[in-house]
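The next block holds one structure in the form of structure tokens; read it before the comments.
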Amino acid sequence: MIAQVIVEVPVNRTNRPFDYAVPEWLEPMVAIGSRVVVPFGPRKLQGYVINLYDAEESGTQEGAPSLLKLKEIEQVQDDVPPLTLELIQLAEWMSRQYLCTWVSALQVMLPAVLKGKTKKWLSATEQLLAGPPQQPGLLQELYWRRIEFEEAEKQFPQEIKQVPGWVKAGLVSFDYQVTDKITRKQISQVTLLLSDEELVQVLPTIPERSRRARQLLLLLQETREPMPLSDVLTETGMARSTLKGLEQKGWIRIEQVEVFRDPYANRTFAKGVKHPFTTWQQLAYTAIEAAINGGEHAAFLLHGVTGSGKTEVYMEAIERTLDLGREAIFLVPEISLTPQMVKRFKERFGDRVAVLHSALSQGERYDEWRKIVHGHVQVAVGARSAIFAPFKNLGLVIIDEEHESSYKQEETPRYHARDVAMQRMKNNNGVLILGSATPALETYALATRGRYRLLTMSERVGKRPLPTVHVVDMRDELRQENRSMFSRSLFSLIEDRLAKQEQIVLFLNRRGFSTFVMCRSCGYTLSCPHCDISLTYHKTNHTSRCHYCGYTVAQPQHCPECQSPHIRFFGTGTQKVEAELAQLFPGIRVIRMDVDTTSRKGAHEELLDRFRTGQGDVLLGTQMIAKGLDFPKVTLVGVIAADTSLHLPDFRAAEKTFQLLTQVGGRAGRHELKGDVVIQTYTPEHFSIQHATHHDYLSFYEEEMRHRRQAGYPPYFRLVLITFSHEDVPTVIRAADLMAQYLKPRLAETTRLLGPVASPIARIKDRFRFQLMLKYRDEPKLADLLAQATAQAQEWQKQHGVLMTIDVDPQVLL
DNA sequence: AGCACGCCGACT
DNA sequence: GTCGGCGTGCTC
């Protein structure tokens, strides 16, 4: 048998399968999707079996050496292959779609601990062992032990140059070892070895004073299951030595077994209660259910206003899918994978769910993922990369808040989970549901063209009204001499809610959570000496750090520019808001969520819990409080400054603002109490603010689409961003220029090629960045053309060190 | 990406 | 004359 293997060398030259013979003794272990160790040139590498074929029938595949010259697979790494044929083919599709190597697409599908690492060792040969070296040094060291090459380089920098000579002389040899980072957790467990009859005989022989032993035996008999040793000790209060005694009598067995780390081990989940559907929910669900039952591919856009009960529809669809013996994936944006959401799924589906999110340790993540591979669960809930859950009969994928930008991966492979989901569901004849109150323009446009079936839910559960939105023109406030950050109407509404003991959410529309250091005398900002970007202040150790290269400096006491001592960090402004609240409303209880208060692990959840249980009047925060939160007593939402995201140099700025205002407004009045939303702005006339005020997605959509058409942006045009980087400007410009000249004559008439221009972040890690932008409507040969470009760029990289990256459908143009 | 092989400058 | 610089080419 011959295996085709993709090796873990993520470059173009090796981006193809290599053929290996499968030795007979490994044949039962090797399958399509196996992770294997293979010799590759002089070294050993990890690889993935993508195909198996019979040598007798077909000889070796085209391009491979003859049968006799094939090397053999050396090892199989897992007892169950981590990949399915479907995922292997999906990875191939990704490599074409996103211009990445096949292996990098395969790797992104797997938990990080499975990635291979090759270690290079130096060891003595028989010849050296026969004649021990007299001089102290590397050779003598090697006589006693083998040494990792990297260590030898550090410890014997002088002698390392002689190693090739020693190899030739037959004194030492290299060997290579492939390892991964898998760790498996083990616990001791106690098993009863006695049958019921034997137990009856044994019990009377136990003396009265050993009632704990008796208790244990009965306990084990009752459950008929092995029990973790730690539980035994806490529940019976037995001493370890007593337990050993029972083992010696042959009544019980104590053994080490492997367990899956379970992040939710200490939690119990009540069985969830189903609420009856509203008419809107029922209509949507009926259409989805029909598609699920039909077993054909279908894709839906579920456009439901905030609070319309989309989650209930999702749950029902998942349940239906499981009933038919198929599996389901539920994707959420990273930040809304909250304990609340996990709880909801655990309550409904119990231990049939695996939860994959970034807060897990690598080991926990691996264990959750293994539940899927081993078929222990049928539902996967997680962020972006959970789209690759290795189910064998995947019937349903749901993407909640599908407009969220976190579904796009910003490193290679630069995939969009929405597109990958579509591809998987086409291949599996499955159903895709995209859900949002504010769909991405691209998505809605495809829905209007029939690529997604549009399902609308325009009413909240219980016919609760959408909150009343008040837009406040902050310029008026200034004219009225109100220089506070709270408008008069927001002020009086806060007063009102405090009196009624209802809760308030205040939202500061700032991008991300970053804070920077600026001199108040001369305006100098601390920036990275290697990247054109300002440093981010970290309160915990009073340092400023560069997000891109990790450069760190201590907080200066004086401005490096003008020596002024008035240099300080500017935060997201939440502290300032908090201070003013305290001043205006004495005794107000504010729960602040920002970088400072949520950096500790678990702090996020803790703060939300405090708010939920009424230990705060106001929840004050940035982006992170915009979505998913559902607190019954919140009846007022205030947006302090709605404009801040409006003036970003991004063609999606209006869309982002509309989405944010709609989402944050959706937090108010979700239950019995009616809600109000106050939006403070300096541009109340802007259409994204106006339409958000009226909860009018469609009008926003139409107006924004006109702008996109005019400016030639998605969804009318598709984009490809090509970025070049190099240490010096002339070289990088020359490369970008050459590429532009190569592409231009090969592109369709209607395609626009912009650039080269400097990237918005013109330098990262001391490398200058220039970019080209392709805007196109119909370019059937684009994938091939870009593949050619990639091959060319590979040469430039080797010869001149110019790096090129291609981002298909970029989300951020940085 | 590594690694080996191979062809030209500064040292014994 | 050799050691070692990194250009070139290959990896089943």
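Each chain gets a letter, A, B and so on, in the order its sequence line appears, and its residues count up from 1. Quick note: numbers below take in every heavy atom, side chains included, and nothing from hydrogens, waters or symmetry partners.
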Side-chain ion pair, A/E404 and A/R384, N-O less than 4.0 Å: no
Under a 4.5 Å cut-off applied to non-hydrogen side-chain atoms, are A/V802 and A/Q797 in contact? no
At under 4.0 Å between heavy atoms, what does A/F40 touch on the DNA or RNA strands: base, sugar-phosphate, or nothing? base
What residues from residues 3-19 of chain A pass a heavy-atom cutoff of under 4.0 Å to DNA chain C? A/R13, A/T14, A/R16, A/F18, A/D19
Counterpart residues, side-chain contact (heavy atoms from CB on, under 4.5 Å), relative to A/A3 (two or more places apart): A/V5, A/V22, A/V49, A/L52, A/I73
Output the rounded distance in Å from CD (A/E150) to C1' (B/dG2). 13 Å
Using a strict threshold of under 4.0 Å (side-chain N to carboxylate O), is an ion pair present between A/R734 and A/D737? no
Identify the residue among A/R718, A/R418, A/K408 that makes a salt bridge (charged side-chain N to carboxylate O under 4.0 Å, His left out) with A/D809. A/R718
Summarise protein proximity over nucleotides 3-12 of chain B in one line of letters, 5' to 3': B for base, S for sugar-phosphate only, - for none, counting protein heavy atoms closer than 4.0 Å. S---------
Please identify the 5'-most and 3'-most nucleotides of DNA chain C with any atom under 4.0 angstrom from a heavy atom of chain A. C/dG4 to C/dC12
Each base of DNA chain C marked ( ) or [ ] if paired in-strand (Watson-Crick or G-U under 3.5 Å), | if paired to another strand and . if unpaired gives |||||||||||.
Taking atom CD as the centre, does A/Q799 end up with more than 12 heavy-atom neighbours from other residues, nucleotides or ligands that are less than 6.0 angstrom away? yes
Students often mix this up, so state it plainly: with edges at 30° and 60°, are the rings of A/W93 and A/Y98 parallel, tilted or perpendicular? perpendicular
Parallel, tilted or perpendicular, judged at 30° and 60°: which one describes the rings of A/Y551 and A/H530? perpendicular
Ring-face cation of A/K765 near A/Y548 (centre distance under 6.0 Å, axis angle within 45°): no
Are any of the side-chain heavy atoms of A/F40 and A/K71 separated by less than 4.5 Å? no
Given atom CG of A/L45 and atom C1' of B/dG2, what is their separation to the nearest angstrom? 9 Å
Going by the angle between their ring planes, with limits at 30° and 60°, are A/Y366 and A/W369 parallel, tilted or perpendicular? parallel
Mind checking whether A/Y407 and A/H416 have parallel, tilted or perpendicular rings, split at 30° and 60°? tilted
Using a 4.0 Å cut-off on heavy atoms, which residues in residues 88-107 of chain A reach DNA chain B? List them by number, or say none. none
